[in-house]
Amino acid sequence: MLPLYRDAKYTDVPTGDKQDLFDAVKSDMRYSHELYGCYECGICVAACPSARFYDFSPRVFAQTMAREDIHTFYELLNDSVWDCSQCFSCTCCPRQNNPGGIITIMREVAVNTGLQSAKDALRAYSRIIYKVMSTGTQVSPDMLQPDFFPDWGPDVRDVSLNLDVWRRAIPPETLHTVEMAWDVSEKTKLELYMIWKLTGNLEMIESVDEGLFMILEEVMEELLDEHGYDIDDYDCIVGD
Amino acid sequence: MSEKRIMVIGGGPAGLEASRGIVELGYELVLVEHLEELGGSPISADYAALTPDMEDTGVAMARMVDAVVGNENADIRLSSSIASVEGSAPNFRVTVESGGESEVVEVGSIIVATGFKHFDPGRETQRYGYYEFDDVITLIDAERMLKGGGFVRPSTGEPPKTVCFIQCVGSRDRQIGNQWCSKVCCGVATKEAIEIKHLLPECRVIVFYIDMRVYGFWEDQLYWKAQEEHHVNFIRGIISEVTKRGDTVVVKGEDTTMGRPMEVPMDVVILSVGMEPSDGTLAMAEMLGLPLECHGWIETIDGALNTVQTPVDGVFVAGAAAGPADLEDSISMGGAAALKACSFVRRTSLPTI
């Protein structure tokens, strides 16, 4: 299929494919509690921080889903579904709808089906995903590199030069880390890796960023191997 | 004793409730109905079920009729009309015509419950093609079909795949001269939408509206229910015209909350026609010298604090003769009018010292 128009952000797909994605969102067990009926009153847009800065409207999500408009749904799934900051200010809805929750489900469907928009949106986060999934902590001291934060001024450069020394100056021993935000025990990491694996999170990563998936699998496998677990043997992990 | 007799003109919900009040208070009633059957518009226009609780119209109205018919104080004149009214309260002389014969009936007080008529969508404007296209019908036509237990596309007799309602037809329109909201059409359309979805779950049903006015408990009993349980779509934007493309009618309007124009083919278009004063209401107003309020309905005194008393001594109004009214309004006004009429004849018949 060709792009919808010359500068379209995504290519069109057959209606059946859109319907499948739409049905995947609607069949999520959370869905019936995220959307009741929409007044189209706009209170969610008024409360939405993203709506102030982007061409983004939580109302349009609720409205589109309620109207079962699969073409607009597909448009949203490929574009503005990623403009939400997931702050859930939109839950002020008088009908108790949760447009942010609809977006959560839509994003999961986009990721699970390896939609290009999901790959594009998550590319910028690959370092954070790697950190979270491999260490269980998000922003680590070694991520504070001067190249990435020029607006923080010259101090970042000085600090980053002797990062381990600065970190050792912090009293709690658990913070004497550079590659992690704090010291995460091997047991915790093992549990975390099992969770990623068993909940399908690792598979999800595979569908959006294969390179990242391979690195993560290698890191996880190494630690699991060390402790006698086989990452592909569910029974071995669950049974323990 | 004639000055203690009260006449109710019109045997619809308001007139029936007024009648019940009169006979239950022990006063003599003369109920005049121009049709051959009591029950008013719900019966004569074949409503399938009442809004909002969806009770079968026949069953519900029979309950009202049974409360009056057979009462020893009730003198019911069906297929009868009022030819003239002479005198003043408490000595009205009303000429009632029935089957070519006329009779003068003396009463002490009169309750006008002559109701409304449905707006004729072809009267002022042909923009919706009511008389042009078979698949453009009104709320009443739809009621009649639903009463028959089915819902089909008139041009083919097949079940429709897409149905839409166009709200505020003949209401809220300065061009037409009807500057009022008819109160019930949002609820009735929503009720019919639910009934259609019951019969045809796969049918797409859309309501095009200006404001949804499903007030009070109708909110969740009808509006939420239609949206949440039956996935009826409500789109804010009124249709500018209905045209025909091939065998299908097409509605044209703006989806205002999405900010885009639309043209949608429809199997059936239902016009949510509003209320206008009935011919009987206008005739009674003229005959009794009742002033009309600025919209053209029978005027009452003291605004919101007195919904049934007209400026003419001894004459009261109940139901949609005084303006758009739903069933609850009509029943409440019927009871209030009965009370006021009874206290009026009681007061005027007391011996003066």
Side-chain angles (χ1 to χ4, degrees), chain A residues 4-5 15 18-19 22-23 25-48 51 54-77 79-81 90-91 93-99 101-102, chain B residues 52 161-165 167 186-187 189-191 193-194 196-197 200-238 251 253-266:
Chain A
L4 290 170
Y5 38 90
T15 303
K18 296 178 186 178
Q19 187 70 51
F22 182 80
D23 291 342
V25 172
K26 276 193 78 173
S27 62
D28 188 283
M29 64 180 291
R30 292 162 292 183
Y31 185 79
S32 62
H33 294 279
E34 310 291 37
L35 179 65
Y36 295 93
C38 181
Y39 281 137
E40 307 181 357
C41 67
I43 191 174
C44 54
V45 177
C48 173
Y54 304 107
D55 182 13
F56 169 76
S57 162
R59 164 179 57 78
V60 169
F61 280 82
Q63 214 169 318
T64 300
M65 295 309 289
R67 293 182 182 187
E68 310 197 322
D69 173 357
I70 60 169
H71 299 288
T72 307
F73 159 80
Y74 187 70
E75 199 178 312
L76 297 171
L77 192 66
D79 192 357
S80 67
V81 76
C90 50
T91 51
C93 173
R95 293 288 282 276
Q96 226 169 66
N97 295 330
N98 181 358
I102 297 168
Chain B
K161 293 191 181 69
T162 47
V163 173
C164 77
F165 291 82
Q167 295 305 107
C186 283
T190 307
K191 184 212 68 151
I194 292 172
I196 291 168
K197 288 292 269 187
L200 308 167
E202 298 303 317
C203 181
R204 179 134 200 256
V205 180
I206 300 176
V207 179
F208 293 110
Y209 68 93
I210 305 178
D211 306 289
M212 280 309 288
R213 296 185 165 180
V214 272
Y215 45 85
F217 300 147
W218 293 18
E219 181 72 24
D220 62 339
Q221 286 170 345
L222 292 169
Y223 186 33
W224 289 18
K225 190 174 167 192
Q227 277 191 316
E228 298 177 10
E229 292 172 32
H230 301 280
H231 306 290
V232 175
N233 286 161
F234 292 83
I235 296 181
R236 188 178 173 282
I238 224 61
V251 298
E254 191 202 357
D255 184 339
T256 61
T257 57
M258 286 296 225
R260 60 192 181 193
M262 57 184 173
E263 276 184 45
V264 198
M266 286 289 159

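Computed from heavy atoms alone, side chains included, the values below leave out hydrogens, waters and symmetry copies. Below, read A as the first sequence line, B as the second, and so on, with proteins coming before strands; counting in each chain starts at 1.
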Residue set satisfying side chain to side chain donor-acceptor pair (under 3.5 Å) with Tyr39(A), at least two apart, ordered chain then number -> Glu219(B), Trp224(B)
The interface call for Ser32(A) against chain B, heavy-atom contacts under 4.5 Å, is neither
Greatest number of non-hydrogen atom pairs under 4.5 angstrom with chain A, of Arg260(B), Glu229(B), His231(B), falls to Arg260(B)
Okay, Ile206(B) and chain A: the region with an atom under 4.5 Å from a heavy atom over there is neither
Turns out that what part of Asp255(B) lies under 4.5 Å from chain A's heavy atoms comes down to side chain
With a sphere of 6.0 Å drawn around CZ of Phe217(B), does it hold more than 12 non-hydrogen atoms of other residues, nucleotides or ligands?
no
Q | Student check: side-chain heavy atoms of Arg67(A) and Ile235(B) closer than 4.5 Å | A | yes
- Tell me, yes or no, whether the heavy-atom count around Tyr54(A) atom OH, taken from other residues, nucleotides or ligands under 6.0 Å, exceeds 12. no
Okay, Asn97(A) and chain B: the region with an atom under 4.5 Å from a heavy atom over there is neither
Distance col, row Cys41(A):SG vs Arg236(B):CZ, nearest 0.5 angstrom, shows 12.5 Å
4.5 Å side-chain heavy-atom contact, Gln227(B) and Arg95(A):
yes
Nearest heavy-atom contact between Phe234(B) and Glu40(A) is O-OE2, 3.5 Å
Interatomic distance, OG1@Thr257(B) vs CZ@Arg59(A), rounded to 0.5 Å, equals 5.5 Å
query: Should we count CD of Gln96(A) as having more than 12 external heavy atoms under 6.0 Å?
result: no
